[in-house]
Amino acid sequence: MVYYLIICRSLTYAQRTAAALSRAGITAHLLRTPASLGERGCSYSVKISHRRLAQALQTLNRAGVPVERIYITQGDGSYKEVEL
Amino acid sequence: MIYLDSAATTLQKPRTVARAAAQAITTLASPGRGGHRPAMEAGATAFACREEAAALFGMESPERVVFTFNATHALNIALHSLVRPGMKVVISGYEHNSVTRPLYAMPQVEVRVADAPLFDPEAMVRRFKEELEAGVDVAVCTHVSNVFGYVLPVEEIADLCSKRGVPLVVDAAQSAGCLPIDGTEWNAAFIAMPGHKGLYGPQGTGLLLCSDADTTPVLSGGTGSNSLEQSMPEFLPDRLEAGTHNIPGIAGLREGLRYVRSRGTQSILAHERSLIQQMVDGLRWMDGVEVFAARREEDQAGVLSFRVAGWDCESLGEELGRRGVAVRAGLHCSPTAHRTAGTLASGTIRASVSAFNTPAEVEGFLSILRRTLSDATP
């Protein structure tokens with residue numbers, strides 16, 4: 001399944017991200033950032049469907065929630081960074 | 001027991017507070033310390049608590065609501081963030097030791113006291129204006145005196161500080177939960193408050209509302225974020241929340257905040273003021289009792305001090321305790337306030353109320369005090 005991971009700098013930012021997306025009707029799951037993507041160590045991410053990225057970015061922009069990095073899953077289970 | 005010491009800690013809480021705290025002990029782990037369910041649910045509880053507080057105090061972002069152990073902890077963070085050696089700090093003449101002790105412990109810091117008579121907000125604004133014009137680097141003002149219940153003119157002082165670009169720290173220890181507090185409108189650098197008083201949370205909880213002022217952590221350690229780096233994260237709330245959170249306390253505080261929001265601060269304040277007025281009316285008829293009450297209702301919240309001629313206040317407080325009334329006697333950790341009001345030598349007896357006190361309890365207190373003064377030896 002293809003999905004996007006929004007990498008957040010802390011749990012609280014990830015929660016704020018997920019809350020803003022949920023309020024906009026976008027299903028968002030909070031999870032630990034995979035170790036391979038955590039540039040500075042522990043962090044949390046928000047997982048969203050590949051169909052909702054544009055709407056999610058608009059929502060987060062309107063809510064003033066900063067987005068650090070976004071990754072998309074590859075067929076082999078690895079991740080590729082999405083240029084914002 | 002008639003409990004009239006809510007200015008120290010509210011003892012009667014909404015039932016949901018104890019229930020949530022107890023449940024958290026067995027079901028919630030640590031926010032930011034794992035992806036398993038107990039950790040994630042702990043994180044969800046902490047975030048929900050931040051959101052409740054942000055909504056009550058007009059904060060735009062929940063991450064600017066920082067959990068502390070109490071108001072003293074919050075004030076220490078605020079003062080250590082703003083005050084540096086060589087600075088001048090103006091404080092109101094009604095500050096608690098939680099403000100003055102950290103300041104006096106800092107080397108080469110000049111503390112200037114804006115002292116003005118009790119229940120005279122106009123004079124307090126004038127004194128702050130004088131000190132600000134003379135040149136100070138930081139201002140600190142309590143919202144409500146923990147000794148006298150005096151509501152200080154924080155909005156006006158915040159306005160003066162904003163115009164002069166002087167960062168303001170507000171100690172909302174006695175006002176959070178009963179007076180309007182606006183973390184955005186006031187433009188204060190920091191607003192500190194306990195969770196265990198007017199917010200009805202458990203002891204060991206507090207909040208620091210942060211603006212975009214730079215912050216200096218007073219504790220360093222694990223935050224569950226940026227683990228590879230050996231400096232504290234630059235972002236809130238992680239920067240100021242090292243170590244494991246008091247999750248049972250936070251779960252309880254969330255319920256306390258929900259109670260305050262659902263009942264409304266205006267309703268709580270009106271209830272408390274009516275109880276204080278009932279006390280004032282009763283105390284004024286007693287021989288030898290000197291009551292420190294404001295002439296205007298808006299100048300006083302749910303705290304009242306009095307003293308009795310011929311009685312040592314500690315002895316009277318103890319006697320009342322023996323007879324089933326919990327009050328606080330002495331200096332209430334606020335020698336500055338007593339010095340300003342002229343009660344330093346005697347101290348006072350303080351009765352303070354919460355949303356859960358009743359007129360019958362106040363009547364009971366007055367009746368016990370009346371009997372004590374007539375049949376006990378000072």
Side-chain angles (χ1 to χ4, degrees), chain A residues 1 3-49 56-71 73 77-79 81 84, chain B residues 28-55 59-67 184 207-208 210 212 217 221-242 244-245 247 250 254:
Chain A
M1 189 182 123
Y3 58 84
Y4 286 102
L5 269 188
I6 302 172
I7 313 292
C8 302
R9 52 190 182 181
S10 75
L11 172 60
T12 310
Y13 275 91
Q15 289 170 316
R16 211 179 140 201
T17 301
L21 294 176
S22 296
R23 275 195 292 270
I26 301 169
T27 304
H29 294 289
L30 206 58
L31 68 159
R32 297 275 290 180
T33 302
S36 58
L37 305 183
E39 285 180 352
R40 296 180 182 182
C42 308
S43 74
Y44 286 79
S45 301
V46 175
K47 178 177 163 182
I48 58 169
S49 157
L57 288 174
Q58 277 175 357
T59 300
L60 295 175
N61 187 40
R62 270 199 303 273
V65 181
V67 173
E68 292 238 314
R69 287 172 290 138
I70 298 180
Y71 288 84
T73 50
S78 65
Y79 297 92
E81 186 163 2
L84 293 173
Chain B
L28 303 184
S30 282
R33 271 41 170 209
H36 50 76
R37 182 190 277 189
M40 295 304 271
E41 286 186 358
T45 298
F47 188 68
C49 187
R50 287 188 218 279
E51 286 199 307
E52 288 286 347
M59 298 294 289
E60 284 168 3
S61 310
E63 67 268 17
R64 295 195 174 278
V65 176
V66 168
F67 293 124
T184 306
L207 298 173
L208 181 64
C210 302
D212 55 4
T223 59
S225 53
N226 285 11
S227 312
L228 284 172
E229 296 184 2
Q230 288 307 297
S231 56
M232 287 295 282
E234 290 297 321
F235 47 83
L236 295 175
D238 300 38
R239 181 165 177 75
L240 301 176
E241 292 183 358
T244 298
H245 292 84
I247 276 294
I250 290 167
R254 177 191 178 194

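Numbers restart at 1 for each chain; the letters A, B, ... are given by sequence-line order, proteins then strands.
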With a 4.5 angstrom heavy-atom cut-off, could you sort out which part of A:Ala63 is near chain B: side chain, backbone, both or neither?
->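 For A:Ala63, neither part sits under 4.5 Å from chain B.
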Exercise: identify the closest heavy-atom pair between B:Glu51 and A:Ala19 =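 Residues B:Glu51 and A:Ala19, closest heavy atoms: OE2-CB, 4.5 Å.
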Of the non-hydrogen atoms in B:Gly34 and A:Tyr44, which two are nearest, and what is the gap between them?
->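 That would be O-OH, 2.9 Å.
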Residue, of A:Leu11, A:Leu30, A:Thr12, that accumulates the most heavy atom pairs under 4.5 Å with chain B |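 With the most close heavy-atom pairs to chain B, the winner is A:Thr12.
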Side chain, backbone, both or neither of B:Asp238 within contact of chain A (heavy atoms, under 4.5 Å) |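 Only the side chain of B:Asp238 comes within 4.5 Å of chain A.
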At a heavy-atom separation under 4.5 Å, does B:Arg33 approach chain A through its side chain, its backbone, both, or neither?
->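 B:Arg33 touches chain A through backbone heavy atoms alone.
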In Å and rounded to the nearest 0.5 Å, what is the CG to OG distance from B:Asn226 to A:Ser10?
->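 OG of A:Ser10 is found 9.0 Å from CG of B:Asn226.
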Nearest 0.5 Å please: distance from the CZ atom of A:Arg9 over to the CD atom of B:Glu63.
->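 Output value for this atom pair is 7.5 Å.
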Give a yes or no on whether the backbone of B:Gly43 and the side-chain of A:Gln15 come within a donor-acceptor separation of less than 3.5 Å.
->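 Answer holds: yes.
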Passes side-chain contact (heavy atoms from CB on, under 4.5 Å), B:Ser227 versus A:Arg40? Steps please.
-> CA-CA 6 Å; B:Ser227 312; A:Arg40 296 180 182 182; over 6 Å; no
